[in-house]
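Whatever order the structure lists ligands and atoms in, that order sets their numbers, starting from 1. We're numbering straight along the sequence, starting at 1.
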Amino acid sequence: MSEDIRWVKTQCGRMDHGGCTLLVGVKGNRIVKVKGDPEGFLNKGYICPKGVASPDRLTHPDRLKYPLKRIGKRGEGKWARVTWDEALDEIAGNLIALREKQGARSVGFGVGMPKGLDHFVLIRLANIFGSPNVIAIQDVCHAPREITGLHTCGFYPVADLHHPSKLILLWASNITSTNEEGAICSQLLRQVRDGARLIVIDPRRTALVRKADKWLQIRPGTDHALALGLLNVLIEESLYDRDFVGKWTHGFDDLARHVKTYSPEKVSEITWIPPQLIRETARQFAQSRPAAIQWGNPIEHNIHTFQTTRALICLMAVCGNLDIPGGNIQALDPKIMTLGQFVRADLIPEKRKEMISAHHGVIPRLMTVASSFFRKAVLEGTPYPVKGFYAMCSNPMLSWADSRQTYEALMKLDFIAVADLIMTPTASLADIVLPAATHFEFNDIGHYGVGQGYILARPKVVDPPGECWPDMKILNELGKRISPKEHWYDDYNRFLDDVLQPSGLTYDQFVQKGYLKGPDKFKLYEEKGFQTPTGKVELRLSLAEKFHIPPLPVFEGLPEEDDPDYPLILISSKSPYFLHSSYRWIKRLRDKQPNPEAEIHPETASRYGISQGEEISVETKYGEITYQARLSEGIHPRVVNGAYGWWFPEAEARSQYEWKRSNFNILTSTEKLGKAFGTPNLKGIGCRIRRKG
Ligand code: SF4
């Protein structure tokens, strides 16, 4: 039997950032088996439960297979099947009408986390159409680290898991549950097997705590205070890299004076971490070189994210771990088309001034619009009205803070089109819904534009069902209808050729190689200096005054002040079985985690009379939802970890799949936003719990 199976090598995609090389067994046009490729560039045979279940998406009975047009009231769940031409003409007609009436900027183009090349084709479409408004999740994922890096040291410092480190500080990063832009767990485990030590900083006892020397069970939302406490010890005890600091940093004396006030004792009161553990961590970090900080995106989940990421980069710098093998590096791209060229940034030179977020004074170089600002534009017309929305690979009803506000904004828009795999709470509010092809069903390039220094070949394995199209094809065909045809192709596969063109490879040749990686070059600053105004790592930010932000990484307080009415602290964490709001509809994954759960400490549960598995209410100042209690010793008694991204695909479409019942973002708010990126508080929020019924 096994002789009938054709094996295809490709990359996992769209279950997280992707990156595991897979061997996919196919019979006819059907995938029958998937396994990790022992020779995989990043994963060396590893595959997670999401990867194993990923083919189930292709044949799911609820999969969208034809374009649909709304025939009832918005959100009523009544649809008529239409042809692709009808659907695309309808979208184009609406977008062009809006552009003529209110300008191209009255249309927002929405996208979730980057999953493949289509992410950047969407930005190209927005640019060519003339809208500066790409609504993405960068304010809570990636941008704080990347943009702060650009301003502080001239690059986005990623943990180098490809070269041996002596110590890896896993700071709010649990890569056993999900990979961080390709930082696959097996890479980390390989480092640990080869002798790297681990320190885990996390409010929860994650699986990797078992392998760690130390676990710092931090109070949620106080990471920047901890980083300042570590800097205090490093500087007070003269443990920093004097040579690097003397030659390559700007503002060290100011930083040293500044962190004097953050003694381990003071920081312990803020972070709940014992002072001695702060001292020992600082010493171990300083004495282990090279050391890398593998930072997860929870540090970007509160209004103080800019100062937090600044403080972490200062830590990397003063210990001399920037841009050395096994430290935090500037990952250089292989010879491929630059992002700016690919998205045709040249066609929209006024984007920075014109985009919605410019009005809110965000930090320069943030090129997408935070969802909170987008909704302000829709609901209040600030700074100008936005009336149309084209969204793909995203489910804002679940994934943006304050879902009630999202619902209101979507209901107010004149026109919405959504491309997705199945009907979601967001798609259910659209005027046109387009059936997208999923990974395995088209040729793609992974990891383009995410700053890791490599791209991955994801060749097609099978044909999509019904009339599903790859998003790249949808965008290409829509592009021809709403902008000059010369910017678009007869065959959307030409986008892949564009990216590869400088490498001299065809897509087939690229597939043979599997990946392209940039050169390993370190200490580039020795040739050119750091790409900052001072040519050094800016511990003190030289443009701070211009940006209206503090020049040194100050601790600006808790995300929310303590409130006796909401005595517990709410966080969320990534599930190993789902990607944000995706894939509750895949039985194999849902069986592993059938219900939305809130993790609470047994002591806390007993105080509130709650038993394992009982239905509970979790309430913040902003809303209340239902979870099932999961008791765990691995969480602090004051912290509640609520599952994120839950809706119920089995519920009725006209209820928007019960989007309010257990949706974490009913508990969040956009009242307070960080100045640099427009980031709301997604964690560290005061809450209370009670048994239901
Ligand atoms: S870790 Fe990510 S890339 Fe690897 S198999 Fe799982 S979902 Fe796919």
State plainly whether the residues K115 and D471 are in salt-bridge range, i.e. N to O under 4.0 Å. no
Using a strict cut-off of 4.0 Å, indicate which atoms of ligand 1 neighbour a heavy atom of C20. 1 (S), 3 (S), 4 (Fe), 5 (S)
For G19, the atoms of ligand 1 under 4.0 Å from one of its heavy atoms are 3 (S)
State the atoms of ligand 1, each with its element, that fall below the 4.0 Å cut-off from a heavy-atom position in G51. 5 (S)
For D463, is there an ion pair with K460 - N to carboxylate O distance below 4.0 angstrom? yes
Salt bridge (charged side-chain N to carboxylate O under 4.0 Å, His left out), that's the test. Do R124 and D498 meet it? Break it down for me. CA-CA 13 Å; R124 183 194 276 219; D498 277 354; 3.0 Å; yes
Kindly indicate, with the supporting measurements, whether the criterion ring-ring contact (aromatic ring centres under 6.0 Å, His included) is fulfilled by H447 and Y515. CA-CA 10 Å; H447 278 61; Y515 67 93; over 10 Å; no
Among protein heavy atoms, which lies nearest atom 2 (Fe) of ligand 1, and at what distance? D16 OD2, 2.4 Å
I'd like to know if atom 4 (Fe) of ligand 1 has an N/O/S atom from C48 within less than 2.8 Å of it, counting both backbone and side-chain atoms. no
Ligand 1 to G18, heavy atom cutoff 4.0 Å, flagged ligand atoms 3 (S)
Protein contact to atom 8 (Fe) of ligand 1 [nearest heavy atom, distance to 0.1 Å]: C12 SG, 2.3 Å
Modelled atom types, side-chain donor and acceptor of N395 and T426, under 3.5 Å: yes
Taking 4.0 angstrom as the limit and counting only heavy atoms of M15, give me the atoms of ligand 1 inside it, by number and element. 7 (S)
Electrostatic pair R63:E441 at N-O distance under 4.0 angstrom: yes
